[in-house]
Amino acid sequence: MCFDPEVTFESGQTFRWKRFVTKDEPSWIGVISNYVVRMRRGKAECVAKLKESNSNRSNFSDDIANYLSTNDDLDRIVQSFPRDEYLQNAVKSFDGLRVLTQDPWECLISFVCSINKNIPAIKMMLELLSMKFGSKIRSSNEVFYSFPKPSTLAKASKIDLLACKVGFRWRFIRFIANQVRSGKLDLKSVSQKSYGQARDELISELSGTTFGVGPKVADCVMLFSMHKMEAFPVDVWMLRCIQSIYSQKMGLQDILVDKKSLTRSTYDLVHKSAHEYFGRYCGYAQQYLYMKIRHDFIRNKALV
DNA sequence: TCCCAGGTCCTAC
DNA sequence: GTAGGACCTGGG
């Protein structure tokens with residue numbers, strides 16, 4: 001299986017993995033389902049398990065395989081991409097990148113936290129939320145925290161949420177937690193629907209079941225937890241990427257000129273064009289492009 | 001001090 | 001239907 005934790009865990013799709021270097025081999029520790037997992041290239045090891053978990057209902061290797069989307073045929077996915085130089089270079093540069101299949105609830109709250117924040121700040125918020133509202137999982141020499149449950153966040157106070165540095169997002173978090181806890185928003189049933197239906201259901205204006213979930217956050221949940229490959233989250237980085245590399249190829253040059261953000265209808269138009277241009281696995285293409293445009297931008301900044 | 005950050009919501013045209 | 005401002009807050 002082609003999997004590089006370094007690339008995958010730093011690709012902005014997940015925020016709670018921590019990097020360690022032991023005996024000059026880097027490893028990553030994070031929480032998947034009820035397990036604390038140490039991940040190395042091609043190897044996953046259970047470090048600790050949540051005591052309250054029901055061992056009959058989950059199996060370590062199955063949970064890991066599902067999380068890492070091991071059924072994805074990366075060769076076939078990459079073969080389906082258009083032969084353009086920028087994307088092909090991205091695929092070469094970020095070999096081992098996988099689109100994960102995360103828990104939809106954790107993924108949804110993570111990307112609600114991402115609104116108008118940079119990655120270090122998102123990591124901090126999620127860490128604080130887990131420490132304050134999650135369950136402790138003890139390994140031999142360290143303590144980890146599971147991601148908080150909907151019922152816990154649903155009854156969290158404004159003050160306690162603000163202590164986790166989530167700012168104005170506290171309303172979104174508590175509202176969504178209540179919808180999930182009450183069953184009005186059933187993420188499992190959403191995940192079983194088609195991309196279009198599932199996405200619509202997550203976006204507040206159509207369903208009324210969420211608040212604080214627009215097209216970008218919904219697309220992240222579609223791609224990073226429900227494995228809908230047609231999703232193509234368009235954030236500020238993808239907008240820069242499309243403006244500088246793809247606007248002509250996609251016929252969007254007039255629409256995107258000087259744009260710094262997207263309206264709902266322009267977002268949908270960009271998504272439609274991206275789906276047509278990159279094909280049925282455009283979600284994977286987006287992830288390679290996201291890595292490359294950020295990498296190029298940071299490198300260019302360093303050269304200035 | 002100002003600007004920005006893996007956006008969304010609300011208001012005024 | 002759409003542009004423009006507000007929104008918490010930490011860091012550069």
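Side chains included, hydrogens not; waters and symmetry mates left out as well; all remaining heavy atoms used. Quick note on labels: first sequence line is chain A, next is B, and so on, each numbered from 1.
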Any salt bridge (charged side-chain N to carboxylate O under 4.0 Å, His left out) involving residues 236-249 of chain A? Give me the pairs, sequence neighbours left out, ordered by first then second residue. none

For Watson-Crick and G-U wobble pairs within 3.5 Å on both distances, what is DNA chain C written in dot-bracket notation, | included for inter-strand pairing? |||||||.||||

Output the distance between atom CH2 (A:Trp237) and atom NE2 (A:His295), rounded to the nearest 0.5 Å. 12.0 Å

What's the CD-P distance between A:Gln287 and B:dG6, to the nearest Å? 14 Å

Take a 6.0 Å sphere around CD of A:Glu25 and say whether it holds more than 12 heavy atoms from other residues, nucleotides or ligands. yes

For A:Tyr284 and A:Asp72, test the side chains for any donor-to-acceptor distance below 3.5 angstrom and give the result as yes or no. yes

What is the separation between atom CD1 on A:Ile122 and atom P on C:dT9, rounded to the nearest whole Å? 16 Å

To the nearest angstrom, how far is A:Met125 atom CE from B:dA5 atom P? 14 Å

Measuring to OP1 and OP2 of C:dT2, would you say a side-chain N or O of A:Ser265 lies under 4.0 angstrom away? yes

Go through A:Met131 and A:Glu127 one step at a time and tell me if the side-chain contact (heavy atoms from CB on, under 4.5 Å) criterion holds. CA-CA 6 Å; A:Met131 285 171 74; A:Glu127 188 63 24; 4.0 Å; yes

Expressed as a whole number of angstroms, how long is the span from A:Ile242:CD1 to B:dG6:C1'? 13 Å

Which part of the nucleic acid, if any, lies within reach of A:Gly12 when heavy atoms closer than 4.0 Å are counted: base, sugar-phosphate only, or nothing? base

Have a look at A:Arg240 and say if it touches a base, only the backbone sugar-phosphate, or nothing, with a 4.0 Å heavy-atom cut-off. sugar-phosphate

Can you tell me how far P in B:dT11 sits from the matching atom in C:dC8, rounded to whole Å? 15 Å

Do the ring planes of A:Phe168 and A:Phe172 sit parallel (below 30°), tilted (30 to 60°) or perpendicular (above 60°)? perpendicular

N/O (side chain, A:Arg169) to phosphate O (OP1/OP2, B:dA5) under 4.0 Å: no

Straight-line distance of A:Leu129 CG to A:Arg169 CZ, nearest 0.5 Å: 11.0 Å

Between C:dT2 and B:dG6, how many Å separate the two P atoms, rounded to a whole number? 27 Å

Between A:Phe211 and A:Pro120, who's closer to the 5' end of DNA chain B by nearest nucleotide? A:Pro120

Between CG of A:Leu202 and P of B:dT8 the distance, given in whole Å, is 12 Å

Would A:Arg41 and A:Glu6 pass as an ion pair if we require N to O under 4.0 Å? no

With a centroid cutoff of 5.5 Å and a plane-angle limit of 30°, would you call A:Phe111 stacked on B:dG6? no

A:Thr263 has a side chain; which of C:dA3, C:dC8, B:dG6 sits nearest to it? C:dA3

Base, sugar-phosphate, or nothing: which does A:Lys165 touch, judged by heavy atoms less than 4.0 Å apart? sugar-phosphate

In whole angstroms, how far is the P atom of B:dC4 from the CG atom of A:Asn118? 13 Å

Compute the centroid of each ring, for A:Tyr277 and then for A:Phe232, and state whether the two points are separated by less than 6.0 Å. no

A:Met124 has a side chain; which of B:dG6, C:dG10, C:dA3 sits nearest to it? C:dG10

B:dG7 P sits how many Å from A:Phe168 CZ, rounded? 10 Å

What nucleic acid atoms does A:Thr14 come within less than 4.0 Å of, heavy atoms only: base, sugar-phosphate, or nothing? nothing

Once hydrogens and angles are ignored, does a donor-acceptor distance under 3.5 Å link the base of C:dT9 to the side chain of A:Lys117? yes

Would you kindly check whether a donor in the side chain of A:Asn116 faces an acceptor in the base of B:dC4, or vice versa, at under 3.5 angstrom? no

Write down the distance between CZ (A:Phe297) and C1' (B:dA5), rounded to a whole number of angstrom. 11 Å

Among B:dT8, C:dT2, B:dG6, the one nearest any side-chain atom of A:Pro215 is B:dT8

For A:Arg294 and A:Val213, take the nucleotide of DNA chain B holding the closest heavy atom to each; which residue's nucleotide lies nearer the 5' end? A:Arg294

